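Right, one structure below, let's go through it.
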Protein chains: 2
Amino acid sequence: MELKIETEEKILQAAKTVFQQKGFDGCRMQDIADEAGINKALLHYYFRSKDRLFDAVFKDAFRKFFPKVQEIMASDITLEKKLESFIDKYMDLLIDNPMLPIFILNEVNRNPEKITEIINLQVINPNLLFGSIIKEIENGSIRKLDPRHLIISIIGMCIFAFAGKPIIKNFLLNNSEEEYLLFISQRKKEITELVLKSITNIK
Amino acid sequence: MELKIETEEKILQAAKTVFQQKGFDGCRMQDIADEAGINKALLHYYFRSKDRLFDAVFKDAFRKFFPKVQEIMASDITLEKKLESFIDKYMDLLIDNPMLPIFILNEVNRNPEKITEIINLQVINPNLLFGSIIKEIENGSIRKLDPRHLIISIIGMCIFAFAGKPIIKNFLLNNSEEEYLLFISQRKKEITELVLKSITNIK
DNA sequence: GTCTATATGGCGATAGAC
DNA sequence: GTCTATCGCCATATAGAC
């Protein structure tokens, strides 16, 4: 029935919202039922247990956490453009899903074994990007650096602006939501500038 | 009595360990009692409630999360040396407390009001560092940039190496703990290099 | 498929003996 | 100060009517 599918989708959507907000341990099945506007028993009818419902949500979120960068990386633009494009797309993703980083990082640290299962589903090929970077190093067009560290640095700079929101807001921005939004809107440019400056080969 | 103090300290130590590992919601009073090698009722005898015990642990952790940088920033060394010294000390702190970032970030996001209470205890003066940076910009010795973004970038780069450990290990380092430790040991130098390159004023 | 009612277990907290 | 035993509640999960 269409109604069946609609309900299942409604549950997944509600679960996504509540799990991301409160985390697995802090979330109650009742919270999800309320958010979905249905009864608690229906959750178990569709997903059998809290764990299974969580898995469905988590796998989706985890996939999203790693943006589709294959097209960017495979394309024929300069490394600078690739990095700029990556930061641009990743920040957009985080703006739309501000709780995603803290959600993923938290669950993955509380339950590190889980990630090992998921990795099999998730075919990520960092070598495409790494190859791009190494080539530029050999060209001499950027300075010698470890591509893995560069990527981790970029992701860290993007993520912390969101995972650290309450801290940033309080200590740096007078606890003003408005100033925080402004800060986030500047962030793309600031990160891109920082990264591009940092990889230049001028001594 | 000395015994009293010893027990209280034992509880705090155990609570710190377990809360950081599992988070407030995922942690059970029984877990802490086990870790401390005492009875569950004793926890309530000393700290009355889970909330109060958590507050004691959290305040301590939060204070630690912001390293004492006053001396560094107030000293008479170059900005480059200041940043290098900050990264050095902060990374050392995180190496000793690898779960600290995910713990703080998680709790602060789940309960953003809490930070507003704590901020009153915590006198942080970012202006000391910011002033240092702004002066160098006016000197023309570093490029024009927003000091706030620079700091958030540095902290993000440091933190993500730890908060993202399971992900980094799995996707970048063949799930090898040994390689991860190596990666962390290189990280100080990589971040410092990246930061110092990024702020230079050469076009 | 969706609901109400309930079983079952676990957790925070307290009472009370020693 | 430290323990055992227990209360009272709340969360997951199921039974069963509609």
Side-chain angles (χ1 to χ4, degrees), chain A residues 1-61 99 103 106-107 110-111 113-114 117, chain B residues 1-61 103 106-107 109-111 113-114 117:
Chain A
M1 310 298 169
E2 293 110 280
L3 268 185
K4 187 186 179 295
I5 293 174
E6 203 179 275
T7 303
E8 192 170 328
E9 198 45 52
K10 223 164 46 179
I11 293 175
L12 276 172
Q13 195 55 45
K16 182 189 146 183
T17 304
V18 181
F19 274 133
Q20 291 206 10
Q21 200 67 38
K22 307 192 175 189
F24 179 81
D25 292 322
C27 157
R28 307 287 155 232
M29 292 297 264
Q30 187 63 56
D31 300 334
I32 299 174
D34 292 347
E35 176 78 22
I38 55 154
N39 193 274
K40 203 175 47 164
L42 259 194
L43 300 180
H44 289 94
Y45 176 78
Y46 279 98
F47 290 92
R48 272 227 357 212
S49 73
K50 187 183 178 184
D51 275 284
R52 283 171 188 254
L53 178 52
F54 179 79
D55 278 358
V57 170
F58 184 76
K59 276 178 192 160
D60 237 48
M99 290 297 280
F103 173 64
N106 188 46
E107 302 301 339
R110 302 308 182 199
N111 204 348
E113 320 83 50
K114 189 165 282 176
E117 306 166 26
Chain B
M1 309 297 170
E2 294 112 279
L3 268 185
K4 188 184 177 299
I5 292 173
E6 203 178 274
T7 303
E8 192 169 329
E9 198 44 53
K10 223 163 47 177
I11 292 175
L12 277 173
Q13 195 54 43
K16 183 189 146 185
T17 303
V18 180
F19 274 133
Q20 291 208 10
Q21 199 68 38
K22 307 192 174 190
F24 179 82
D25 292 322
C27 157
R28 305 290 155 231
M29 292 299 263
Q30 188 63 56
D31 300 335
I32 300 175
D34 292 346
E35 176 79 21
I38 55 155
N39 193 275
K40 200 175 56 165
L42 260 194
L43 300 180
H44 289 93
Y45 177 78
Y46 279 97
F47 290 92
R48 275 229 350 214
S49 73
K50 187 184 178 183
D51 275 284
R52 283 172 187 251
L53 178 52
F54 179 79
D55 277 358
V57 169
F58 184 76
K59 275 179 191 159
D60 238 49
F103 173 64
N106 188 48
E107 301 302 337
N109 272 283
R110 302 310 180 199
N111 204 350
E113 320 83 50
K114 188 164 281 174
E117 306 167 25

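Side chains included, hydrogens not; waters and symmetry mates left out as well; all remaining heavy atoms used. Letters A, B, ... are given to chains in the order of the sequence lines, protein chains preceding strands, and every chain is numbered from 1. Note that the structure is a prediction, hence the values are computed from the model and not measured.
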- Residue-phosphate contact under 4.0 Å: B:Thr7 side-chain N/O, D:dG1 OP1/OP2: no

Could you tell me the separation between the [atom1] atom of [X] and the [atom2] atom of [N], rounded to a whole number of Å?
X	N	atom1	atom2	result
B:Leu43	C:dC11	CG	C1'	13 Å
A:Leu42	D:dA17	CG	P	18 Å
B:Glu8	D:dG1	CD	P	9 Å
B:Phe47	D:dT2	CZ	P	12 Å
B:Tyr46	D:dC3	OH	C1'	13 Å
A:Asp51	D:dA13	CG	P	7 Å
B:Leu53	C:dA13	CG	C1'	14 Å

- Item | Pairing residues for A:Asn106 by the side chain to side chain donor-acceptor pair (under 3.5 Å) criterion, not counting sequence neighbours | A:Arg110, B:Asn106

Grab the N/O contacts between the protein and nucleotides 4-9 of chain D below 3.5 Å, and write none if there aren't any.
residue: D:dT4; atom: OP2; partner: B:Asn39; partner atom: ND2; Å: 2.9

- Answer yes when A:Asp60 and A:Lys16 have at least one side-chain N-carboxylate O distance shorter than 4.0 Å, and no when they do not. no

- DNA chain D-proximal residues of residues 20-32 of chain A, any heavy atom under 4.0 Å: A:Cys27, A:Arg28, A:Met29

- Query: Taking it one step at a time, do B:Phe54 and B:Phe19 satisfy ring pair (Phe, Tyr, Trp, His ring centres under 6.0 Å)?
  - Reply: CA-CA 8 Å; B:Phe54 179 79; B:Phe19 274 133; 5.0 Å; yes

- Message: Using only atom types and a distance under 3.5 Å, with no angle test, would you say the side chain of B:Lys50 pairs donor to acceptor with the backbone of B:Phe24?
- Response: yes

